[in-house]
Visitor: 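Have a look at this one before I ask anything.
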Amino acid sequence: MSLILGIESTCDETGAAIVRGGRSVLSNVVATQTELHAKFRGVVPEIASRAHIENILPVIRESLERAGVTLREIDAVAVARRPGLIGSLLIGLTAAKTLAWALSKPLVAVDHVHAHLYSVMLGGGATERRGDEATKGPAEVEFPAVGLVVSGGHTALYELKSWLDVRLIGTTIDDAVGEAYDKVAAILGLTYPGGPVVDGLARQGDCSVIRFPRSMLGRESLDFSFSGLKTAVLYHVRGVPGKIRGKADEHRTSNIEHRTSKVEDVAAAFQEAAVDVLIRKLKRGIARVHAKSVIVGGGVSANSALRASLRGLGVSAFVPPLEYCTDNAAMTAGLGHLHFEHGELAGLDLDAITHSRFRDR
Ligand code: KG4
Ligand code: ZN
């Protein structure tokens, strides 16, 4: 069974992992940059690439040490080459190419978003989960499947005919859902990243107190939009901007409709609207591709309400173990194993690509 070194540096986490046979994670090291970006409430690309340069070699070294393997024992080096921030991608790509060349090992290119979907296979094989409870032992994901990747940078639906045959069928036209969580957290004066905090507060709130809008973008659409929901939360919390009638203030905008709601209730109502849209689009996706299963990956797949709601879909639903929801290199190594086994190798002229593959439907 092949032993793959995975390298991840698409955004703000520097990761290296050793995975055997595509499923068994021998080590998974992630150097997070959350603290560096927290005061900016978002990832600053230049800061991210500088931190990757500092972290990449220690992280690779630690992944080997923890797994108890040497570079010579590795069968291939897999690297996330798309999509991501260009400066960040180039650090991982350069490290991977250098190692592959110096060791005369094959290089494998991995799509980071497809790897988020593959992350449900890590830790021994796919386990169907409802909430955080595993309801079945390891199982094979049945294809065709609908994949949903939900993170700070991505919100997209895919048709999967296999792990290597993945087609984009819907995407966000504005904010990613994780980005909406982060912005709502900022509106509510909470810490960054906002997802886990808003999720925690939402569990203590009453979602029936407020009803926020759901953007469905038409009856058939598989696309997403979250900017309207984010703005609705902003207006609810800060008031709707409008003109104050009065000579001196004629052109000033101000909060004219300031309401007071419990922060827990706002979080719960936002989460209810966000998850409702995700679930309804998943149902449309299942019908569109006649899916036998659903796969959800990315940072927001850690969300408690989303995990619980997967129960009502009528097909088997797979989410990653919590540790593999956010960016990591184990998923890169795992999917890299499949490419390697299929002889899909990359050359040393491999380029970094910042965007996802364009929709091809
Ligand atoms: O996959 P990821 O680590 O990075 C990207 O590729 O973007 O996802 C990070 C995102 C952040 O926006 C964070 O707020 C969100 O995932 N997130 C959550 C939860 N945990 C992380 N969103 C909602 N509920 C959560 N429990
Ligand atoms: Zn990601």
Side-chain angles (χ1 to χ4, degrees), residues 6-15 28 30-34 37-38 40-43 45 48 80-85 88-89 92 110-120 122 129 131-132 147-156 158 171-172 175-188 190-205 226 229-230 267-268 270-279 296-310 319-332 334-335 354-356:
I7 296 179
E8 150 68 36
S9 71
T10 58
C11 189
D12 62 336
E13 321 279 10
T14 321
N28 180 39
V30 180
T32 178
Q33 304 176 9
T34 309
H37 302 285
F40 304 103
R41 289 202 159 269
V43 177
R81 62 88 65 119
R82 135 184 110 198
L85 302 168
S88 294
L89 284 165
V110 173
D111 182 301
H112 171 81
V113 177
H114 298 180
H116 266 306
L117 293 171
Y118 184 82
S119 63
V120 302
L122 299 173
R129 275 161 226 272
D132 285 336
L148 172 70
V149 176
V150 275
S151 73
H154 311 282
T155 299
Y158 297 86
T171 188
T172 180
D175 292 352
V177 64
E179 191 182 350
Y181 265 93
D182 294 337
K183 287 177 177 168
V184 163
I187 293 166
L188 297 176
L190 307 170
T191 49
Y192 171 87
V197 196
V198 173
D199 189 7
L201 284 172
R203 269 179 271 170
Q204 301 157 37
F226 289 102
L229 172 58
K230 169 198 69 190
F270 162 74
Q271 179 146 296
E272 158 99 352
V275 170
D276 188 18
V277 170
L278 296 175
I279 292 295
V296 185
V300 184
S301 66
N303 185 266
S304 62
L306 178 59
R307 285 179 172 243
S309 303
L310 295 173
V319 288
L322 283 174
E323 63 196 301
Y324 304 124
C325 288
T326 47
D327 288 349
N328 65 85
M331 63 187 194
T332 315
L335 186 55
T354 53
H355 54 79
S356 297

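FYI, the numbering just counts along the sequence from 1. Each ligand, and each atom within it, is numbered from 1 in the order the structure gives.
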Visitor: Taking 4.0 Å as the limit for heavy-atom contacts, which would you say applies to N303 with ligand 1: side chain only, backbone only, both, or neither?
Guide: both
Visitor: If you measure only the distance, is there a donor-acceptor pair under 3.5 Å linking the side chains of Y324 and N28?
Guide: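 No, N28 and Y324 have no side-chain donor paired with an acceptor closer than 3.5 Å.
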Visitor: Can you list the atoms of ligand 1 that are under 4.0 Å from a heavy atom of A302?
Guide: 26 (N)
Visitor: For the 3.5 Å polar cut-off, considering only N or O atoms, please tell me whether G153 and ligand 1 meet it.
Guide: yes
Visitor: Could you tell me if any non-hydrogen atom of P196 lies under 4.0 Å from any atom of ligand 1?
Guide: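 P196: in contact with ligand 1 (<4.0 Å).
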Visitor: Of all the heavy-atom pairs spanning A302 and R307, show the shortest one and how long it is.
Guide: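 Reported closest heavy-atom pair: CA-NE, 3.8 Å.
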Visitor: At less than 4.0 angstrom from any non-hydrogen atom of H116, what atoms of ligand 1 do you find?
Guide: 1 (O)
Visitor: Where the closest heavy atom to atom 10 (C) of ligand 1 is concerned, which of G152, G194, A176 has it?
Guide: G152
Visitor: When you measure from atom 18 (C) of ligand 1 to every protein heavy atom, which one gives the shortest distance, and what is it?
Guide: G195 CA, 3.4 Å
Visitor: With the Zn ion (ligand 2) as the centre, enumerate protein N/O/S atoms below 2.8 Å in chain and residue order.
Guide: H112 NE2, H116 NE2, D327 OD1
Visitor: Looking at every heavy atom in both T332 and A80, which two are closest together, and how far apart are they?
Guide: CG2-N, 3.5 Å
Visitor: May I ask whether E13 has any heavy atom positioned less than 4.0 angstrom from an atom of ligand 1?
Guide: no
